[in-house]
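Here is the structure we will look at, set down as C-alpha cells.
Keep in mind the model is a prediction, meaning the values are calculated, not measured. By convention in this document, chain letters (A, B, ...) are assigned in the order of the sequence lines, proteins followed by strands, and residues within each chain are numbered from 1.
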Amino acid sequence: MTSLAQKLTELVGAAFEAQGLPAELGVVRVSDRPDLCQFQCNGAMAAAKVAKKRPREVAQGVADYLETEYAQATERTSPSQKAGSHGSSHFFKIEIAGPGFINLDVSDDTIAAHLTETASDERRGVAETGNQDQTIILDYGGMNVAKAMHVGHLRPSVIGDCLKNIMSFAGYNALGDIHMGDWGLQMGQIISAFELSHPEWAYFGDGPYPDAPLFNYAELEEIYPQASAACKDDPDRLELARAATKALQEGKPGYKALWQHFMDLSIADIKDNLAPLGIEFDIWKGEADVDQFIPEIAEDLKSRGIAEDSEGAVVVNVEREDDNKDMPPLMFFKSDGAVTYGTTDVATIYDRVKLYDNLLKIIYVVDKRQSLHFEQVFRSAQRAGYVDGIELKHIGNGTVNGDDGKPFKTREGKAMTFRGMVGAAIDKATTRLDEAELAQDMSDEERAEVARKIAVAALKYTELSNQAHVDYIFDLDRMITFEGKTGPYLLYQAVRIQSLLKKAEVQGIGFAEDEFVLQEGDRSLVLLLAELPDHFDMALKNYTPHVLCEYAYRLAQEFSSFYGNCHILSEEDEAVRASRLALCLLTYRQLKLVLGVLGIEIPERM
RNA sequence: GCGCUCGUAGCUCAGGGGAUAGAGCACUGGUUUCCGGAACCAGGGGUCGAAGGUUCGAAUCCUUCCGAGCGCACCA
C-alpha cells in the first residue's frame, strides 16, 4: 500500500510512458495550490526539452491518455457512467494550467476506496522498505561514566531514539547503541583520586574485592571534576592518573572491580535519567569493550601501511586528492602510546562489522561540532576496508541554547543537568494543570503520569520539530502551552478524539471502521490522512523527524477544524455519522502511529 | 588563513527547481442553545542578507561579497 499521491504517480507515469517519455516525469504530489486542485504533476515542463515539444502539448497528451484510460467522472461521487478502458474513473478533474501544470482532482469514490484500504491496514499505508536482515546501528548516547548527564544529551538522545523508531517501523533491525565514554584517562583520574582519599578500600588490596560499591553515585559524580582539576594543575598528580589508567587497561583486578562499580552506578543513573522520557538502548557497549581489538587493528593497519609513525605518534592519513581543505590525520596512538576517541571509534566500527554480518548502516547522532572527527573516523575505516558496502553517517545535532543564544544554563549560571531539565518540564506541566484546574478528579498518581506525558511531549516535540542540525532556543514556557504548535496541543487533540469515541461507545453507536461516505466538509481531512506514507518516506529517507512533527500538527489541526465544523455524534444521517466516526478513529490511529514514532505517549484523558 | 553550518514576517521556524513564499507565537476582529473554548474562523504584516549567473521558471542550484555560529592531529 502507498499514499494516494504515489498511486496517482503510477497512473500518470504510465501516461508519460505512453508518450514515449520516462515514467519518472509522472511524479504526482499534493498540490501547493489547494484552491486550484488536489494533486499536481509538473513533469510536462521538464519533459518539453526531451520531447522537443511545447510543455502544454506534452501535458495535453498525458491528459488525453488519462482521460481515455481512466475517464473523468462527471460528478465527484458518481464514478462509472463513463468508465475508461481500465473500467474506473479515478479522476474528477484533469486540467492543464499555466505553462504546463497538470492539475488533478480525484473522485470521492477513489478517495473513499483508498481510505478503506488505509483503515484496514495496520501500517496505514506506510510501506515496509526494510527487513529484519538489514541491521542499522544508531549511535546516539555518548554518555560518560561518572559524569552527570546534562542538557547537551537531550537532543541526540531524543533524535537518535526517534530515528531508531522510524527505521524500526520501516522494517529494519534498528539498534540503539549508547556507546559509553567509559575508558581512558578520566577513569584513571577517578581511580587514583579514590586511592588517595580511601587507601584502605579493598579495591586497592590483593582481594577479595567488594561485590557492592563502597560509594554511591553522588560521590562518584562529585569526585570526577575534582580529580580532573587536580590533574590539570599538578603534573605529579597527572602521572598517578596515567599510571592508574595504564594499570586498569592492563587488567589490574582491584581496579577492574572498582571500574565495574563506576559502570554499575553510572548505568543505573543513566537509566534513571532516561526513564521519564521512555528512551532505551539496545546495546550498552562502550569504549572499554573495544579496547581488546586495538592491538590487532594497529597491527593490521601498520602492516598494510595505512597507519604510520608521525612525530612520535601513530596516525592514519586520511587526506584525499580532491580535498579542498586541510584534513588532519586520525590520531591512532598518541606520542605517549595512549589511544584517543578516534582509535576507539574506529575499533567500535571494526567490532560492529564483525558482530553483524548484515550491517547496512551506522548512524551517529552526535553534536555537529564533531563533524571533522567523524570524517576522519569514516575515512580511516574506509581506507582500512572495514566498511565496504556499509554506509556511515554523522547526523550532527545543534546545541540547546538559552535566550541569550549561548548554551543553556540554570538561573545560577551553571550548566543545566539533564535531570533538572526534565524535572523543570514536569513541574511546569503540573503548574499548567493546576492553573487551568484540570485533571482534578484524578488520583495523584494518574495526575503525575499525565503531567509527565505532557512534559515529555513538550520536550520531544520541540526537539524533533527543529531540524537536527540547527541550534535552538530552549523556552519551557512556550513548549508547554496547549496553544499552537506544541506537543501538548497534539495530546489534547488525540485525547479529544478518544473522548468522542468513548462517548459513542457508551451511547451504543456502532460503526464500521473501514466504510466511508464522504461529505464536502470531510474532504480536506481525508486527503491529509492519505498523505501519511509520503511524509513517513521523506522522514526515513532524509533522517528528518521534523517532517513527521509537521504532519502530526497538520493532522491534529485539520481534525480540530473538522470537529468544529462538522456534526459527528449529533449527525442525523446514520451513514454519515458512522463514516465520520470511522474518520475520527482513523485520525486517532494515524496520530498515535506518528506520535509513537516520535516517542510521544498519549494519555487517555487529561 | 582554510573549512563546515546558517541568514525567510516583530519573535521562533517550515519550505525535496515550479503557480499567489507558509505555519506557530504576538497583534486585530469574530464564533458557544452539539460531541473537551486547552478550540475554531477571519485579518494585517515579507526588497527570502546583497549582487551577479544558470533556467521557460530560483528562497531553493553556481560564483562573489556582507553578517553570525562552529571546527581545524596527541581532551573527549
Side-chain angles (χ1 to χ4, degrees), chain A residues 29 31-33 35-36 40 42 45-46 48-49 54-55 97-101 103 142 144 147 181 183-186 228 232 287 310-318 323-342 344-345 367-373 375-376 396 398-399 401 405 432-433 435-436 438 462 465-467 469-473 475 478 481-486 488-489 491-493 495-501 503-504 507 538 541-542 544 546-547 549-550 553-554 557 560-571 580 584 605-606:
Chain A
R29 55 166 215 234
S31 165
D32 53 11
R33 288 289 303 274
D35 53 319
L36 299 180
Q40 64 179 345
N42 300 340
M45 291 171 290
K49 267 186 216 126
R54 288 213 300 272
F101 297 103
N103 290 348
N144 291 311
K147 211 167 159 189
W183 212 232
L185 184 63
Q186 68 267 33
S228 173
K232 212 170 183 180
E287 296 174 325
S310 170
E311 298 174 33
V314 175
V315 302
V316 177
N317 190 327
V318 291
D323 280 335
N324 60 347
K325 63 186 168 191
D326 297 336
M327 178 55 68
L330 179 111
M331 180 66 52
F332 198 89
F333 290 130
K334 297 191 287 184
S335 40
D336 68 356
V339 301
T340 70
Y341 74 140
T344 53
D345 278 346
D367 194 313
K368 65 182 175 186
R369 288 172 291 192
Q370 298 298 330
S371 62
L372 180 59
H373 163 71
E375 195 161 1
Q376 293 172 305
T399 54
N401 293 340
R432 282 283 146 83
L433 287 176
E435 282 168 0
L438 288 166
T462 306
S465 57
N466 288 290
Q467 294 192 64
H469 71 271
V470 304
D471 300 334
Y472 83 94
I473 293 173
D475 183 344
R478 215 185 55 182
T481 78
F482 296 90
E483 291 157 20
K485 226 170 181 170
T486 65
Y489 170 86
L491 295 190
Y492 168 67
Q493 297 304 343
V495 164
R496 206 152 68 145
I497 305 176
Q498 289 181 102
S499 169
L500 185 71
L501 292 169
K503 194 158 279 184
Q507 293 178 14
M538 180 83 81
K541 186 174 129 208
N542 299 333
T544 47
H546 80 274
V547 169
C549 288
E550 186 69 26
Y553 177 73
R554 286 176 54 207
Q557 199 181 40
S560 191
S561 179
F562 165 76
Y563 182 93
N565 296 325
C566 296
H567 289 261
I568 302 169
L569 288 176
S570 51
E571 171 60 44
R580 288 199 171 140
C584 290
R605 54 190 194 137
M606 55 195 271

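Using P as the reference atom, B/C61 and B/G46 are 25 Å apart when rounded to the nearest Å. Comparing the C1' positions of B/C2 and B/G52 gives a spacing of 25 Å, expressed to the nearest Å. Taking atom C1' in both B/U32 and B/G22, one finds a spacing of 30 Å when rounded to whole Å. Comparing the C1' positions of B/G36 and B/G45 gives an interatomic distance of 33 Å, to the nearest angstrom. Between the C1' atoms of B/G18 and B/C34, the separation comes to 44 Å (whole Å). Atom C1' of B/A21 sits at a distance of 15 Å from the matching atom of B/G57, rounded to the whole Å. For the P atom pair drawn from B/C41 and B/G53, the interatomic distance equals 44 Å after rounding to whole Å. Separating the C1' atom of B/A26 from that of B/G67 is a span of 27 Å, rounded to the nearest Å.
Judged by closest nucleotide on RNA chain B, A/His546 is the one of A/His546 and A/His567 placed further toward the 5' end. Comparing A/Gln376 and A/Leu36 along RNA chain B, the residue whose closest nucleotide (by nearest heavy atom) sits nearer the 5' end is A/Leu36.
The OH atom of A/Tyr553 sits 8.5 Å away from the OG1 atom of A/Thr486 when rounded to the nearest 0.5 Å. Put simply, CG on A/Leu491 and CD on A/Gln498 are 10.0 Å apart, with the number rounded to the nearest 0.5 Å. Here the NZ-CG distance, from A/Lys368 to A/Asp471, works out to 4.0 Å after rounding to the nearest 0.5 Å. Here the OH atom belonging to A/Tyr492 is positioned 11.0 Å from the CD atom belonging to A/Glu483, to the nearest 0.5 angstrom. Annotation: the span from A/Asn42 atom CG to A/Asp32 atom CG amounts to 7.5 Å, rounded to 0.5 Å. For the atom pair CG of A/Asn317 and CD of A/Gln376, the computed distance is 10.5 Å after rounding to the nearest 0.5 Å.
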Under 3.5 Å, side-chain donor or acceptor atoms of residues 328-341 of chain A against the rest of the protein: list the pairs with distances, not counting sequence neighbours.
{"residue": "A/Asp336", "atom": "OD1", "partner": "A/Ala338", "partner atom": "N", "Å": "2.9"}
{"residue": "A/Thr340", "atom": "OG1", "partner": "A/Met331", "partner atom": "O", "Å": "2.9"}
{"residue": "A/Thr340", "atom": "OG1", "partner": "A/Gly342", "partner atom": "N", "Å": "3.0"}
{"residue": "A/Thr340", "atom": "OG1", "partner": "A/Thr343", "partner atom": "N", "Å": "3.4"}
{"residue": "A/Thr340", "atom": "OG1", "partner": "A/Thr343", "partner atom": "OG1", "Å": "3.4"}
{"residue": "A/Tyr341", "atom": "OH", "partner": "A/Gln370", "partner atom": "OE1", "Å": "2.9"}

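Counting any heavy atom pair closer than 4.0 Å across all strands shown, A/Ala46 reaches a base atom. Contact annotation for A/Arg580: no contact, since no heavy-atom pair falls under 4.0 Å across all strands. As judged by a 4.0 angstrom heavy-atom cut-off over every strand, A/Val547 is placed among residues making no nucleic acid contact. Residue A/Arg605 is classed as a base contact, given a heavy-atom separation below 4.0 Å to a base. Among the heavy atoms of the strands lying under 4.0 Å from A/His469 are primed sugar atoms or P, OP1, OP2 only; no base atom is included. Using a 4.0 Å heavy-atom distance criterion, A/Cys566 is classed as a base contact. The residue A/Lys541 sits close to a base: some heavy atom pair falls under 4.0 Å. Within the 4.0 angstrom heavy-atom criterion, no nucleotide atom of any strand lies near A/Met327. Residue A/Asn103 is classed as a base contact, given a heavy-atom separation below 4.0 Å to a base.
Closest to the side chain of A/Lys325, out of B/C72, B/C2, B/A19, is B/C2. Among the nucleotides B/G18, B/C35, B/G36, the one closest to the side chain of A/Ile568 is B/C35. Side-chain atoms of A/Arg29 lie closest to B/G18 of the nucleotides B/G36, B/G16, B/G18. Side chain of A/Asn42, nearest nucleotide from B/G18, B/G1, B/C70: B/G18.
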Report all interatomic pairs (protein N or O, nucleotide N or O of nucleotides 74-76 of chain B) with separations under 3.5 Å.
{"residue": "B/C74", "atom": "O2", "partner": "A/Ser335", "partner atom": "N", "Å": "2.5"}
{"residue": "B/C74", "atom": "O2", "partner": "A/Ser335", "partner atom": "OG", "Å": "2.7"}
{"residue": "B/C74", "atom": "N3", "partner": "A/Ser335", "partner atom": "OG", "Å": "3.3"}
{"residue": "B/A76", "atom": "O3'", "partner": "A/Glu287", "partner atom": "OE2", "Å": "3.1"}
{"residue": "B/A76", "atom": "N6", "partner": "A/Tyr341", "partner atom": "OH", "Å": "3.2"}
{"residue": "B/A76", "atom": "N1", "partner": "A/Gln370", "partner atom": "NE2", "Å": "3.2"}

Would you tabulate the pairs of protein nitrogen or oxygen atoms and nucleotide nitrogen or oxygen atoms of nucleotides 58-63 of chain B closer than 3.5 angstrom?
none

Distances under 3.5 Å between nitrogen or oxygen atoms of protein and nucleotides 39-44 of chain B:
{"residue": "B/A39", "atom": "OP1", "partner": "A/Phe482", "partner atom": "O", "Å": "2.9"}
{"residue": "B/A39", "atom": "O3'", "partner": "A/Ser560", "partner atom": "OG", "Å": "3.0"}
{"residue": "B/A39", "atom": "O2'", "partner": "A/Arg496", "partner atom": "NH2", "Å": "3.4"}
{"residue": "B/A39", "atom": "O2'", "partner": "A/Ser560", "partner atom": "OG", "Å": "2.9"}
{"residue": "B/C40", "atom": "OP1", "partner": "A/Tyr489", "partner atom": "OH", "Å": "2.8"}
{"residue": "B/C41", "atom": "OP1", "partner": "A/Ser561", "partner atom": "OG", "Å": "3.0"}

I'd like a list of close polar pairs between nucleotides 64-66 of chain B and the protein, N/O only, cut-off under 3.5 Å.
none

What pairs of nitrogen or oxygen atoms, one from the protein and one from nucleotides 9-13 of chain B, lie under 3.5 Å apart?
{"residue": "B/U12", "atom": "O4'", "partner": "A/Arg478", "partner atom": "NH1", "Å": "3.4"}
{"residue": "B/U12", "atom": "O2'", "partner": "A/Arg478", "partner atom": "NH1", "Å": "3.4"}
{"residue": "B/U12", "atom": "O2'", "partner": "A/Arg478", "partner atom": "NH2", "Å": "3.2"}

>> Let me check I have this right: for RNA chain B, each base becomes ., (, ), [, ] or |, based on Watson-Crick or G-U pairs with both distances under 3.5 Å. What is the full string?
In response: (((((((..((((....[...)))).(((((.......))))).....(((((..]....))))))))))))....
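Scanning atom types as modelled, one donor and one acceptor separated by under 3.5 angstrom connect the side chain of A/Ser499 and the base of B/G36.
With sequence neighbours left out, A/Ser310 forms a side-chain contact (heavy atoms from CB on, under 4.5 Å) with A/Val315. Residues satisfying the side-chain contact (heavy atoms from CB on, under 4.5 Å) test with A/Glu435, not counting sequence neighbours, are A/Thr431, A/Arg432. Take A/Arg605 and apply the salt bridge (Lys or Arg N to Asp or Glu O under 4.0 Å) test, not counting sequence neighbours, and it matches A/Asp441, A/Glu446. Qualifying side-chain contact (heavy atoms from CB on, under 4.5 Å) partners for A/Pro99, counting only residues two or more places apart in sequence or in other chains: A/Met45, A/Phe101. Under the rule for a side-chain contact (heavy atoms from CB on, under 4.5 Å), the partners of A/Glu550 that lie at least two apart in sequence or sit in another chain are A/Lys485, A/Arg554.
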> Yes or no on side-chain contact (heavy atoms from CB on, under 4.5 Å) for A/Leu501 and A/Cys584, after CA distance, side-chain angles and deciding distance?
Replying inline: CA-CA 8 Å; A/Leu501 292 169; A/Cys584 290; 4.2 Å; yes
> Given A/Leu500 and A/Ile568, is the side-chain contact (heavy atoms from CB on, under 4.5 Å) satisfied, shown in steps?
Replying inline: CA-CA 9 Å; A/Leu500 185 71; A/Ile568 302 169; 3.8 Å; yes
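Here B/A73 is in the syn range [glycosidic angle within 90° of 0].
Checking side-chain atoms of A/Thr399 against main-chain N and O of A/Asn401 turns up no donor-acceptor pair under 3.5 Å. Side chain of A/Ser465 to backbone of A/Cys549: no donor-acceptor contact under 3.5 angstrom is found.
Proximity of A/Lys503 to the phosphate of B/G36: a side-chain N or O atom is located under 4.0 Å from OP1 or OP2.
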